[in-house]
Amino acid sequence: MARSAFYLLIVAVVLGGCGQDMSASPEAPAESNERGALFIIGGGSRPDALIDRMVDASGVRNGGYAVILPMASAEPGAAADAIEEQLGRSGVPDIRTLIAGAEAPASGEERAMVENAALVYMPGGSQSRLMEALDGAGLAGAIRTAYRQGALIAG
């Protein structure tokens, strides 16, 4: 439980006061494109039914794409592969993975990819490693922009 609370705190810091209507159901996409939604999974397993709910909430099956930011994991490639497979089974047609950090900052094109995603997914791992990578890559602002434009931020 403490891990889930910590993860929620990390996401809140990344979104930095974007504001979220907590009365909104996670099953329904945001009513407007002015603000996105959060889908907090927390630690542990990712049952297919949960991923299906997340994908439904994002609306990504109807257009747009999902971006995976697996930098919290000690093995980001393996973490990305696992969720990429699961999202594919859930019917997400366009899945992109971005592994970036201070040693490999995101390009302008990569930041735009995050900003314009319908779904931004961050698999689990070390939240401090994730925050260091997001800050070092210059992606924290891109996630905030995606959220403000209606993206579902999940993980």
[X] and [Y]: which non-hydrogen atoms are nearest, and at how many Å?
X	Y	value
A118	G64	CB-CA, 4.5 Å
Q127	A72	NE2-CB, 4.4 Å
R129	A74	NH2-N, 3.5 Å
L130	L69	CD1-O, 4.3 Å
A100	A133	O-CB, 3.6 Å
P70	P123	CA-CD, 3.7 Å

Side chains of [X] and [Y], heavy atoms from C-beta outward: is any pair under 4.5 Å?
X	Y	result
Y121	V55	no
I51	I83	yes
V92	E84	no
L87	V60	no

Taking [X] for the side chain and [Y] for the main chain, is one N or O donor matched with an acceptor at less than 3.5 Å?
X	Y	answer
R96	V67	no
Q149	E115	yes
R111	A137	no
S90	Q86	no

**Message:** Using side chain to side chain contact (heavy atoms under 4.5 Å, CB included), reason through E85 and I95 one step at a time and then give a plain yes or no.
**Reply:** CA-CA 10 Å; E85 179 182 330; I95 305 164; over 6 Å; no
**Asked** Stepwise, does the side chain to side chain contact (heavy atoms under 4.5 Å, CB included) test hold for L98 with M71?
**Response** CA-CA 9 Å; L98 175 58; M71 291 87 75; 5.7 Å; no
Nearest 0.5 Å please: distance from the [atom1] atom of [X] over to the [atom2] atom of [Y].
X	Y	atom1	atom2	value
Y147	I153	OH	CD1	8.5 Å
R89	D48	CZ	CG	4.5 Å
I143	M122	CD1	CE	4.5 Å

